[in-house]
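Because the structure is a prediction, the values reported are computed rather than measured.
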Amino acid sequence: MRTRPFPRPRRAVGPTAERVLTRPTGSPPARSLVLPLALAVGMAGALVAVGQPAAASPAAGPATAAVDQAGGHPGRGHRTDLGRETIRTNDGWAAWSGSTFPDGVERQAGPTTGGAEAAPAEVYEVDTWQELRDALAGREGGSQTDARRNVTPRIVYVTGPLDAFTAADGTQLTCEDFASQVTVGDTGEPFSMDDYIAHYDPSGPWGWADPAGPLEEARSRAASLQAAQTQQHVGSNVTIVGVGDDAQISGANLRVRDAHNVILRNLRFSDGYDCFPQWDPGDGDTGNWNSAYDNVSLWTSTSVWVDHSTFDDGAHPADSLPVVFGRPFEVHDGLLDITHGSDLVTVSYNRFLSHDKTMLIGSSDSRLQDRGQHRVTLHHNYWQDIGQRAPRVRFGDVHAYNNYYRQTRRQAATGGFQYYWGAGKESSLVVENNAVTLARGTDPARVVGVYGGTMLSESGTVLNGRRADLLAAYNATASTPLADEARWTPSDAYRYRLLPAAAVPWVVPAAAGAGVLPSTLPPPR
């Protein structure tokens, strides 16, 4: 961890010409799948200047960024210090001011500024996982409690790939390193997922009962050891920003919990990998493997801006997972989940790639204290080959506009697509001017999923280049149709400008994701 003045030379770094139009090609180190060897592993242009890209507002202070105030990105040749930028006026719910009530406790929110007011001593440059943890805690060797409760304004610049499976001394860790520290019952034998799978096989003596006993207890202890290494809390008044086109956090669960005023930008969040997923035979008709970690989790947090970042499964995309007990051996949860009463969130110009359960907004039907919360804006995001939850919403007033949802022929051939827009309990989604590309043979009615919701307002959708009413397609065969309405109007909360949906497939893939914004470190003091 380094505070300014930085010991390394100043440099300006930005996206390569190739990266402007393509996703990063690098992959994080592969994790060890702790599975029996006999298990089969699955299959392993120009930017169009239209619409209103998500521009930030420069904050007062050192290294103030020069931003096109008309709403565009800085010029391709201009390097910008993203750390001092704040959310632009009217850029969705995260730019809104007023009362919010996470877990029923009133909090006054203002437009998201993150760490823009950080003092020079609270500006960090990090290039290891441990340095990131220390910066968020505010001191070397700080605890997760320190990080979670830290409210001092600070900026953290990530200057390269960080791997959460790296110990403080630089040792590369594997799943076996955690498992080997746990013994099963009084046997003295180290825990392994091989033994877990063999013991709880529903076709064997254990049957379809929930896992219990020494092996399940050992799995839980091993999972706790992994969490201590790979899960990282983020407190309030912080900006975490990538510099260049290779800033990446892999193998981690970044958890913004009980926090407010947080900015995450220009980062690749990859492969939030769970070494020890739990078998739940009662999940659905055939059971499921459930994992503990999202790449990024927002819990009971308010005023959060997630912008120009890429979310993926790294070396373990959904179609590469083995099948165990007839179900995918799922080692990931969500890519970006917004739950437990989190509120006033804008998610803009991001990429969500090759993942199943992508974005959950609202954690449980039983959390009635979340009524009035979960106000989220999603705009100009690119979703490719995802299975579901783009998003799935409970309780929230959610606005999704000018997003591009693309299913390739590869995903259609391998399966996995379920739906994009999920209407859950007491949700109110407004979806406007989005573009959807479905592979041949995929029923357009499947774009909408209903999980206790009663309404969804859709307008301006383009499907495979033509205007379409996807809610009508769903309702045509639904036993209980959704009302094409919403209980709120986005323009009452903030002003916004819609891009024609026909332009979305051209503009969004080129403008969204990490490495697109030209970026630099701040100048030395």
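Checked against the 6.0 Å centroid criterion, the rings of H332 and Y293 do not qualify as a close aromatic pair. For Y404 and H380, the ring centers sit 6.0 Å or farther from each other. Taking the six-membered ring for Trp, Y419 and Y451 have ring centres closer than 6.0 Å. Between F352 and Y382, a ring centre-to-centre spacing not shorter than 6.0 Å is recorded. Under the 6.0 Å cut-off for aromatic ring centres, F325 and W289 qualify, their centroids lying closer than that.
Side-chain atoms of N381 and N350 form a donor-acceptor pair, as typed in the model, at a separation below 3.5 Å. D280 and N288 form no side-chain donor-acceptor contact under 3.5 Å, judged by distance and modelled atom types alone. No side-chain donor from either of N266 and H308 sits under 3.5 Å from a side-chain acceptor of the other. Side-chain atoms of E216 and Y200 form no donor-acceptor pair, as typed in the model, at a separation below 3.5 Å. Side-chain atoms of S348 and D307 form a donor-acceptor pair, as typed in the model, at a separation below 3.5 Å. Between the side chains of T414 and D319, not a single donor N or O lies within less than 3.5 Å of an accepting N or O. Under the 3.5 Å distance criterion, with hydrogens and angles disregarded, no donor-acceptor pair is assigned to the side chains of W421 and Y474. Of the N and O atoms on the side chains of T461 and E458, at least one donor lies less than 3.5 Å from an acceptor on the other residue. No donor-acceptor contact under 3.5 angstrom links the side chains of Q411 and Q384, judged on distance only.
The CZ atom of R327 lies 11.5 Å from the CG atom of L321; values are rounded to the nearest 0.5 Å. To the nearest 0.5 Å, atoms OG1 (T437) and CG (L463) are separated by 7.5 Å. Of the inter-residue distances, the one linking S224 atom OG with R219 atom CZ reads 9.0 Å to the nearest 0.5 angstrom. For the atom pair D271 CG and D313 CG, the distance stands at 6.5 Å (nearest 0.5 Å). Remark: T239 OG1 to W305 CH2 distance equals 9.0 Å, nearest 0.5 Å.
Using the six-membered ring where Trp is involved, W206 and H199 have ring planes that are tilted, between 30° and 60° apart.
Not one N or O on the side chain of W279 forms a donor-acceptor pair closer than 3.5 Å with the backbone of D201. Between the side chain of T346 and the main chain of T377, no donor-acceptor pair closer than 3.5 Å is present. Side chain of S427 to backbone of F395: no donor-acceptor contact under 3.5 angstrom is found. Under the 3.5 Å distance criterion, the side-chain polar atoms of Q229 are matched with a main-chain donor or acceptor of A164. A donor-acceptor distance shorter than 3.5 angstrom exists from the side chain of T230 to the backbone of Q226, with no hydrogens or angles considered. Checking side-chain atoms of N295 against main-chain N and O of N253 turns up no donor-acceptor pair under 3.5 Å. A distance-only check finds a donor-acceptor pair linking the side chain of N434 to the backbone of N403 [under 3.5 Å]. For the pair S342 (side chain) and S301 (backbone), a donor-acceptor distance under 3.5 Å is present. A donor-acceptor pair under 3.5 Å is formed between the side chain of Q407 and the backbone N or O of A439. Remark: the backbone N or O of L438 is paired with a side-chain donor or acceptor of N464 at under 3.5 angstrom.
In terms of heavy atoms, W208 sits closest to P202 at CE2-CB, 3.4 Å. Of all the heavy atoms in S291 and D274, the pair that sits closest is CA-OD2, 3.4 Å. A pairwise comparison of heavy atoms in G460 and A501 identifies O-CB, 3.2 Å as the closest pair.
For R406 and W383, the positive end is not near the middle of the six-membered ring at less than 6.0 Å and at most 45° from its axis.
Between R268 and D246 no salt bridge is recorded (no basic side-chain N to carboxylate O distance below 4.0 Å). Using a cut-off of 4.0 Å between Lys/Arg side-chain N and Asp/Glu carboxylate O, D365 and R394 are scored as salt-bridged. Of the charged side-chain nitrogens involved, none lies within less than 4.0 Å of a carboxylate oxygen, so that D397 and R375 do not count as a salt-bridged pair. By the 4.0 Å N-to-carboxylate-O rule, D370 lies close enough to R367 to be salt-bridged with it. Ion pair K357/D333 not flagged as a salt bridge, since none of the NZ, NE, NH1 or NH2 atoms sits closer than 4.0 Å to an Asp/Glu carboxylate oxygen.
Listed by chain and number, the residues in a side chain to side chain donor-acceptor pair (under 3.5 Å) with Q388 are D356 (sequence neighbours excluded).
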When you look at D91 and H379, which way does the side chain to side chain donor-acceptor pair (under 3.5 Å) test go after all the steps?
CA-CA 9 Å; D91 192 359; H379 70 82; 2.6 Å; yes
